[in-house]
Amino acid sequence: MALPAVFCLPIFRLFVTSITPSARAAAIAVVAPLDKILNYAIPVDLADEVCIGSRVRVPLGRRHVVGYVMNWAEPGETKLKDILEVIDPHPLFHQNHAAFYLRAARYYVYPPGQAVRTALPAGLSALNGSPGVLSDKLYRPTNSAEQPQGSRQREILDFVRAKGLVTLSQLRQTYSAPHAVLQRLLELELLHVEEIERCRDPFAEIGVAKHSPVELNAAQQKAVTLVEAALSSSQVFAPFLLHGVTGSGKTEVYLRSIAKVLEEGRQALVLVPEIALTPQLVSRFRSWFQDRGVRLAVLHSGLSDGERYDAWRQVARGDIDVVIGARSAVFAPLPELGLIVVDEEHDGSYKQSEGFRYNARDLALMRGQMDEAVVILGSATPVLTSYQRSLGGHLAYLELPERTAARPLPEVHLVDLSQHEGESQLSEPLQVALAETLQAGEQSLLLLNRRGYAPFLLCHDCGAALRCPNCDITLTYSQLQSALRCHYCDFHKRPPESCDRCHGIRLLPEGMGTERLEEEIRELFPEARVARMDRDTTSRKGSHHRLIEQMSAGGIDILIGTQMIAKGHDFPSVTLVGVLNADTALNLPDFRSAERVFSLLSQVAGRAGRGDRPGRVMIQTYAVDNYALDFVARHDYRGFADLELSQRQVLAYPPFGYLVNLVLSGNDEARVNRAAEQISVNLTTGMNDAEVLGPAPCLLPRLRNKHRVQILLKAKLREPLRRQIGQLQRLRTQLPAGVVLTVDVDPVDMF
Ligand code: ADP
Ligand code: ZN
């Protein structure tokens, strides 16, 4: 890799906006469960060091804690405590980032200091300094033309003279133990040396795909033209929804838009669901930008603390043009951000499910607004909220309705499991299709849905599951209590004798029962090369990448996997996609279950027939007449969206209403229940424009030995809901000991 991208120069540009020498106090977000920003005095001896974005040590009560300087402050009347120390040599973010972090924290009702800590690279929350900054040595020849005596000395000197500038790490790659020789050459004044800071490059070893230029088709061209127009008009917030079917060439639109924003002298941020799962995308970006001398940083969960810190500092300094990253990269401190791309914006991994429960897709829009940037949300199956926003004119709608190179979308067949009971997990039609695909030398993907699981009763005649009359979600079945229960509103009843819809009596608890799948396939197709892709087989670093490469190279005939296999991969030889158990996903007790199934199945179907040969999809289900499956089979996003939206409207579910989920947990069940009752009564009093559902047991009523109860707040307008959650901070202080309240604004999963 070329020198400039790997090595940071030792000179640090100062943060011009951050310097206000006259400020005598600073507003600091301390890492503690406090909802306020605190003011501290800046002692004279630290005046030159404290900047907005500095990480500092401050006293809080009798402890010392980490805090982040968010702004300057007025000293005021009362005597302030002093900042004790500035921990890092450089500030971590700029003033506009500070404002964004604080607004995000407020929106998600999360303590600001803890929110900032989550936003920053890991390893920066401790009091004892930052992850080590690595150093390197940079050698260059002096003007002397003399030749040294020893042959090894001559060899190394010639090498440095030929290159002009060489680092110690590079020399080490070529010569073993060069240190003594280099030392000697320095003494002879044949070489110069200087210390430089070394930035780790975690992607150095990942291959770069060859880039073959394409000519945009009409739909792509239209999208690019509109985005370019927004980028070249004076800075305004311009959000787009790029709705392009799978394989329609969305990436090409992103690349051109990024090229444009760089031309305008600003920077780009690209969010992708999970970097480790999208090496193909990263390598396409690298190949495109490498030739153009664009400085790219990749932020992802596989980085070490040091690597992440390196990348972060480069970004903050303005040394990076394009950042690609997963969820948390939405906080990356690009100083002149002009474009944010959220690829696969429907993906659930944009929502953080613990602690600071932000949604990076929504924050991308918030940040775009604050930074006056263009935002592109791209997907083949946009979340209904985004689609509804485009209908309302809040997102400009861009459409790529067809696959590139006139490739057809795959044919989708539903296999009725009630006709194939007892045939093993693979129905006969799917077995036949697998055999045919193998015979033709083509590849198959088998999707095994494993996302969350709650037992439910399924009618094996018509495929219907029992639903809550109030909330229209699947009732959760408890065999032990012989009861069905709604985990939103706590409605419950005894299991009926027969199906409400078709009066069939084969109402059976649905289980997973798919553990043996791989074995079964190996027995059925002993000659096939079978592999599995899930959390277990991909937990080792790089193992996922290897599976993808193996698949791309044709070394696998049948790949079995969880949701992971649905994510944006481009395997041209896949012509069959099988879905084993559509019903468990359809009946997840969640108002979004149909949307999720539509999205997941459309995405996985989108993996079939991306090459020259057409693809087909087979979905096994008891619910062959389910509307979501029907729309998947017809590739009809809009038909699905319109119907689903009209149903959402009836019950005021998002996007026609707003939700906040409160979870109370603790070791003592009775105490947790009492606290939940109390909070629910408190919130209900005097509130008639927001509903309080529950308390009801969470889907996972016991987790890590804690008893868990939830209260779901629901309102047509955001304001009443915000007023209601405004009280939570006070109610939190009144909780009995041992009971914890977590707040989830715009929840995605309610487990
Ligand atoms: P999406 O992200 O929409 O699923 P991709 O961006 O992965 O689709 O594009 C699918 C394939 O089509 C890629 O192999 C890409 O190189 C190719 N492609 C993109 N645009 C064009 C075009 N205008 N003409 C021909 N091929 C294209
Ligand atoms: Zn209910």
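In what follows, every heavy atom counts, from backbone to side chain, and hydrogens, waters and symmetry copies are set aside. Atoms within a ligand are numbered from 1 in the order they appear, just like the ligands themselves. Numbers here are sequence positions counted from 1.
A donor atom on one side chain and an acceptor atom on the other are not found under 3.5 Å apart for Gln443 and Thr575. The closest side-chain donor-acceptor pair between Tyr627 and Glu644 falls under 3.5 angstrom. For the residue pair His346/Ser379, the side-chain donor-acceptor check at 3.5 Å is satisfied.
Considering backbone and side-chain atoms alike, Gly244 places every N or O at 3.5 Å or more from each N or O of ligand 1. At a 3.5 angstrom cut-off on N or O pairs, Ser248 counts as close to ligand 1. For ligand 1, one of its N or O atoms has an N or O atom of Glu215 under 3.5 Å away.
Within the listing of ligand 1, atoms 23 (N) sit less than 4.0 angstrom from a heavy atom of Asn217. The distance from ligand 1 to the heavy atoms of Leu216 drops below 4.0 Å at these ligand atoms: 23 (N). Of all atoms in ligand 1, numbered sequentially from 1 with element shown, those under 4.0 Å from a heavy atom of Gly249 are 1 (P), 3 (O), 5 (P), 6 (O), 8 (O), 9 (O), 19 (C). For ligand 1 and Val245, the ligand atoms under 4.0 Å from any heavy atom of the residue are 3 (O). Using a 4.0 Å cut-off to heavy atoms of Thr246, the atoms of ligand 1 that qualify are 4 (O).
We find that Lys250 and Asp343 are not joined by a salt bridge, their nearest charged nitrogen and carboxylate oxygen being 4.0 Å or further apart. We find that Arg648 and Asp472 are not joined by a salt bridge, their nearest charged nitrogen and carboxylate oxygen being 4.0 Å or further apart. Electrostatic pairing of Glu228 and Lys260 does not count as a salt bridge here, judged by no charged N lying under 4.0 Å from a carboxylate O. The residues Arg596 and Asp749 are annotated as salt-bridged, a charged nitrogen and a carboxylate oxygen being separated by less than 4.0 angstrom.
Counting heavy atoms closer than 4.0 Å to ligand 1, residue Arg284 contributes side-chain atoms (C-beta onward) but none from N, CA, C or O. Here Arg403 has no heavy atoms under 4.0 Å from ligand 1, in either its backbone or its side chain.
Heavy-atom separations between Asp343 and ligand 1 are all 4.0 Å or longer.
The SG atom of Cys471, the Zn ion (ligand 2) and the SG atom of Cys486 define an angle of 110° (nearest 10 degrees). Draw a line from the Zn ion (ligand 2) to SG of Cys468 and another to SG of Cys489, and the angle between them is 110° (to 10°).
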- request: List the steps, then state whether side-chain contact (heavy atoms from CB on, under 4.5 Å) holds for Val330 with Leu271.
  value: CA-CA 7 Å; Val330 75; Leu271 300 180; 4.0 Å; yes
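Cation-pi contact between Lys714 and Tyr658: absent, since separation from the ring centre below 6.0 Å together with deviation from the ring axis within 45° is not met.
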